[in-house]
Amino acid sequence: MTVVGPSGAGKDTLLGSARAALSQDPRFVFARRAITRPPETSQHAGAEDHLPMSEAEFIAARDRGAFALHWQAHGLLYGIPRDIEADLAAGRVVIANLSRAVLAEANTRYRLRVIEVTAPTAILAARLAQRGRETAEEIAERLMRQPALPQGLEVVQVVNDTSAEAGAARLLRALRDGLDAGFSRPGAAAPR
């Protein structure tokens, strides 16, 4: 399963809550992304525990086949480690934070359920402004360029428009519903 959504939707915050809630459930595995970005310097809601890599390290790992999926977005390189394939083959539900740009490829290679975290535009803008990384103009531009999801995907929508706790409960429900849909059978989501 993958969790996608626009910047400011609260994906990382909700994923952090889900990771904590499911930490003792061996049926769920959360993929740790490799990113050409330094580690987070402060722990805050939405901080991602990623594997920081230089661009040269990332390219070398990619060329060795270390990533099941990889893409470029916002001037950074992102990768999902290939070890997710062993978890998938063992029947575990792997949850990965993917870019919309790689969903079609992921869907051809793995059985994929997309959980799209959304929020109204005004809430997205306010959350992005709180981060302090972009100007108001840059935020407006970012919100205007939300690409559509590729056709043919199984999509479940999670609205994160109130508290982080309520959004996390909705995400947990969507993840657990994936078990009922057969995403945890051995080989159910193994590479195609």
Side-chain angles (χ1 to χ4, degrees), residues 1-22 27-33 35 45-50 68-74 76 78-80 84 87-88 92-131 134 139-184 188-189 192:
M1 285 190 249
T2 183
V3 178
V4 300
S7 294
K11 296 178 305 290
D12 292 326
T13 298
L14 300 189
L15 279 168
S17 294
R19 182 180 292 111
L22 298 171
R27 299 173 297 176
F28 293 92
V29 175
F30 288 80
R32 184 175 182 218
R33 298 192 300 182
I35 308 175
E48 179 178 2
D49 178 27
H50 67 281
L69 296 164
H70 58 85
W71 65 96
Q72 183 172 356
H74 311 295
L76 300 171
Y78 295 80
I80 301 295
I84 66 162
D87 289 315
L88 292 169
R92 294 182 191 93
V93 174
V94 174
I95 298 117
N97 183 347
L98 299 179
S99 166
R100 292 171 187 256
V102 76
L103 292 178
E105 176 188 352
N107 195 45
T108 64
R109 298 180 58 203
Y110 308 99
R111 181 168 176 223
L112 187 66
R113 171 178 276 188
V114 177
I115 300 174
E116 182 181 30
V117 177
T118 65
T121 303
I123 290 174
L124 296 176
R127 289 176 181 165
L128 291 172
Q130 281 183 319
R131 290 181 184 174
E134 298 170 298
I139 290 170
E141 288 174 15
R142 178 184 288 268
L143 293 173
M144 293 295 292
R145 64 173 188 258
Q146 296 303 324
L149 292 172
Q151 294 294 314
L153 298 175
E154 180 181 340
V155 180
V156 175
Q157 198 170 76
V158 170
V159 179
N160 185 25
D161 60 351
T162 58
S163 68
E165 294 79 16
R170 291 178 190 131
L171 177 59
L172 280 169
R173 190 167 37 258
L175 292 171
R176 288 183 174 131
D177 286 349
L179 291 175
D180 296 336
F183 278 82
S184 66
R192 293 181 178 172

Check: Is the side chain of Arg32 donor-acceptor paired with the backbone N or O of His50 at a distance under 3.5 Å, no angle test?
Finding: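 Side chain of Arg32 to backbone of His50, a donor-acceptor pair under 3.5 Å: yes, one is there.
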
Notebook entry, point to check: Is there a donor-acceptor pair under 3.5 Å between the side chain of Arg173 and the backbone N or O of Val158?
Noted result: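 Pair absent, no side-chain N/O of Arg173 close to backbone of Val158.
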
Can you find a pair of side-chain heavy atoms, one from [X] and one from [Y], that are under 4.5 Å apart?
X      : Y      : answer
Leu143 : Leu128 : yes
Val117 : Leu14  : yes
Tyr110 : Leu69  : yes
Phe30  : Leu22  : yes
Val156 : Met1   : no
Asn97  : Val3   : no
Ser7   : Arg131 : yes
Arg100 : Leu149 : yes

Notebook entry, point to check: When you look at Leu103 and Trp71, which way does the side-chain contact (heavy atoms from CB on, under 4.5 Å) test go after all the steps?
Noted result: CA-CA 10 Å; Leu103 292 178; Trp71 65 96; over 6 Å; no

Notebook entry, point to check: Could you walk me through whether Thr2 and Val102 pass the side-chain contact (heavy atoms from CB on, under 4.5 Å) check?
Noted result: CA-CA 11 Å; Thr2 183; Val102 76; over 6 Å; no

Note to self: side-chain contact (heavy atoms from CB on, under 4.5 Å), that's the test. Do Asn160 and Arg127 meet it? Break it down for me.
What the structure shows: CA-CA 12 Å; Asn160 185 25; Arg127 289 176 181 165; 3.6 Å; yes

Taking all non-hydrogen atoms of both residues into account, name the closest pair between [X] and [Y] and its distance.
X      : Y      : value
Arg170 : Val159 : NH1-O, 2.6 Å
Leu172 : Ala21  : CD1-CB, 3.7 Å
Pro150 : Ala104 : CG-N, 4.1 Å
Pro120 : Asp161 : CD-CB, 3.7 Å
Ala18  : Leu175 : CB-CD1, 3.9 Å
Lys11  : Val4   : CD-C, 3.4 Å

Roughly how far, to the nearest 0.5 Å, is the [atom2] atom of [Y] from the [atom1] atom of [X]?
X      : Y      : atom1 : atom2 : answer
Arg33  : Ser99  : CZ    : OG    : 8.5 Å
Tyr78  : Gln72  : OH    : CD    : 10.0 Å
Ile139 : Met144 : CD1   : CE    : 14.5 Å
Glu154 : Asn107 : CD    : CG    : 9.5 Å
Thr13  : Leu171 : OG1   : CG    : 11.0 Å

Check: Between Arg142 and Leu124, is a side-chain contact (heavy atoms from CB on, under 4.5 Å) present by the stated rule, with each step listed?
Finding: CA-CA 10 Å; Arg142 178 184 288 268; Leu124 296 176; over 6 Å; no

